[in-house]
Amino acid sequence: MAQKPSIPKGTRDFSPVEVQRRQYVMNTIKHHFEHYGFMPIETPSFENSDTLLGKYGEEGDRLIFKILNNGQYLSKVNDQDLQSKNEYKVSPQISKRALRYDLTVPFARYVVQHQNDIAFPFKRYQIQPVWRADRPQHGRFQEFYQCDADVVGSDSLLQEVELVKLYDAVFSDLKLDGCTIKINNRKILAGIAQMIGAEDQLIDFTVALDKLDKIGADKVKEEMVQKGISETAIEKLNPVFSLQGDFATKLQVMRSLLSESEIGLKGIEELEFINHKVVKLGLKSATLDLDITLARGLNYYTGCIFEVAAPEGVKMGSIGGGGRYDDLTSMFGLKNVSGVGISFGLDRIYLVIEELGLFPDSVRAGVDVLFINFGDKEAAHAMDLVFRFRDNGIKTELYPEATKTNKQMKYADRNQIPYVILLGEDEMAAGALLLKNMETGEQELLQPEAVIEKFK
RNA sequence: GUGGUUGUAGCUCAGUUGGUUAGAGCGCUGGUUUGUGGUGCCGGAAGUCGCGGGUUCGAAUCCCGUCUUCCACCCCA
């Protein structure tokens, strides 16, 4: 072997067991999406650059993978821009397409493009990979799967309620108990900013506030001062920094704090409605928690925002996120269509389930039964039975070579095949099969019909 | 994008102040009565020590660059 091949950073190969387990997670999510009435769509891996650029903020633009044009792409570049080595000026001239960064923006594009064929409200789900030129870390990749469910064309807060229930249903089904669905509302954040006279600095303000549980109140205040927010304004935020108690209690504190802000109170009302309904319906294993510091960088959100934290003790960033966006489709020319959606981070959910040892044993690649190959004559007979078994829904294979039994048994063992059938001269003469349970080592001589019955 | 960290056989890792033919465990492979795996015993193959430069009589070991890994920022799923 000369130079070892490799794959780009932040990407992975998946072994048979890994693929099987990923499909288990994916199928669970998909099952619940469909159960809730979402319909599947798919969009291209890459979009026109202008569809994506400018939708995720400055940071987002930097993380979008740009695709180099084909042909003589350099010949058309403005010489001056090329000389100046200004990538912001050159990159649009040499790249007209980019890999999708998430599933929400391509969906908004889809809705606008197909608006005449869509019956609103439109509920779609989408499970596809996305790409980000981020620096890899644990649970952070350059290629990863998102599983999104979105509703467009409905202002009803019942959608938010349904999405909270959907999160709970999926995580409960995956036995991932103890997830926290954090919820907040951009209107509340806007209200606070308004109250402290920092309306123009909403983004700076929320980004700083978002770090509260990570760096503490003092550092957050420091950062806000740095961003030009006045000290007296920050003093007014003290109730926010020390917010405690259950959902209703926290909401009460925020209500009095925001009594002067119309938009802030609207946000409070929305959350109250959602919480009330969710409490009434009940959650199986997740907890809905009001997190006033939750901001989320994606700047197209306008109402409720969600983020899901893994069960306590697991070191992992958010395993899901979402929110309401009132204006996303207007960027593509379709006004007054509100959307709300959530996303499941498949790869992170996988890592959490793995860490907690929650994958069922039944999630396994490979067959149920292996026929040992004793030679041409025996193999020919075995093949008949292999197909008969398969027709009866039993995953079956015949070892392709008549090598030593030892080796064939090892193969079965390595591949965690639960049963092996020995069909040699003696068994053929008796018209029977020797079925061996690889876990217990027990063997029994059975008629083929009896084996088929056993697997039903 | 910023700072740090890692890279030695298929895998997990040793490798002493730079000094002969670079080691171990697991795995793989062959044998151990030619129809029986997961725990035995004996043997074997396998590494331009991430890649490219440099210092040196001599580099896995020191220096620089580069890629990769993981971590902290940033941001997020």
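Chain A is the first sequence line, chain B the second, and so forth, proteins listed ahead of strands; every chain is numbered from 1.
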Whichever of A:Tyr145 and A:Pro8 has its nearest RNA chain B nucleotide further upstream toward 5': A:Pro8
Residue closer to the 5' end of RNA chain B, A:Thr11 versus A:Gly60 (nearest nucleotide): A:Thr11
Send over the distance from [X] [atom1] to [N] [atom2], rounded to a whole Å.
X	N	atom1	atom2	answer
A:Asp13	B:rC11	CG	P	13 Å
A:Met428	B:rG35	CE	P	17 Å
A:Glu307	B:rC75	CD	C1'	11 Å
A:Leu434	B:rG37	CG	P	14 Å
A:Met26	B:rA77	CE	P	18 Å
A:Ile7	B:rG50	CD1	C1'	15 Å
A:Asp134	B:rU68	CG	P	14 Å
A:Asn406	B:rG37	CG	P	5 Å

In whole Å, measure the gap between the [atom1] atoms of [N] and [M] for me.
N	M	atom1	value
B:rC63	B:rG25	P	32 Å
B:rU33	B:rU8	C1'	42 Å
B:rA60	B:rG18	C1'	10 Å
B:rU21	B:rG15	C1'	16 Å
B:rG7	B:rG30	P	34 Å
B:rU68	B:rG54	C1'	22 Å
B:rA9	B:rG27	C1'	11 Å
B:rG44	B:rU6	C1'	33 Å

Can you tell me if [atom1] on [X] sees more than 12 non-hydrogen neighbours from other groups inside 6.0 Å?
X	atom1	answer
A:Lys250	NZ	yes
A:Asp376	CG	no
A:His138	NE2	yes

Heavy atoms under 4.0 Å, any strand shown: does [X] hit a base, just sugar-phosphate, or nothing?
X	result
A:Glu59	base
A:Val420	nothing
A:Gly375	nothing
A:Leu422	base
A:Gly320	sugar-phosphate

Could you tell me whether the side chain of [X] has a donor or acceptor atom within less than 3.5 Å of a complementary atom in the base of [N]?
X	N	value
A:Gln408	B:rU36	no
A:Glu427	B:rG35	yes
A:Asp413	B:rG38	no
A:Lys436	B:rU36	yes

Which one is paired to [N], where only Watson-Crick or G-U wobble pairs with both distances under 3.5 angstrom count?
N	answer
B:rG65	B:rC51
B:rC75	none
B:rG44	B:rC28

Check: [X] ring centroid to [Y] ring centroid under 6.0 Å:
X	Y	answer
A:Phe389	A:Phe371	yes
A:Phe14	A:Tyr350	no
A:Tyr101	A:Phe65	no

Do A:Tyr301 and A:Asn184 have side-chain atoms, one donor and one acceptor, less than 3.5 Å apart? no
Does either side chain, that of A:Gln447 or that of A:Glu449, offer a donor lying less than 3.5 Å from an acceptor on the other one? no
Write down the atom of A:Val77, the atom of A:Gln93, and the distance for their closest heavy-atom approach. CA-OE1, 3.4 Å
Nearest-neighbour nucleotide for the A:Lys211 side chain, B:rC74, B:rU68, B:rC76 considered: B:rC74
Nearest of B:rG35, B:rU36, B:rA77 to any side-chain atom of A:Phe374? B:rG35
Test the A:Arg414-A:Tyr411 pair against the cation-pi criterion, namely NZ or CZ under 6.0 angstrom from the six-membered ring centroid and within 45° of the ring axis. no
If you restrict it to nitrogen or oxygen atoms, what contacts under 3.5 Å exist between nucleotides 70-72 of chain B and the protein, and what is each distance?
from: B:rC71; atom 1: OP2; to: A:His138; atom 2: N; distance (Å): 2.2
from: B:rA72; atom 1: OP1; to: A:Lys315; atom 2: NZ; distance (Å): 2.9
from: B:rA72; atom 1: OP2; to: A:Gln137; atom 2: OE1; distance (Å): 3.1
from: B:rA72; atom 1: N7; to: A:Gln137; atom 2: NE2; distance (Å): 3.4

Does A:Lys410 have a side-chain nitrogen or oxygen under 4.0 Å from the phosphate oxygens OP1 or OP2 of B:rU36? no
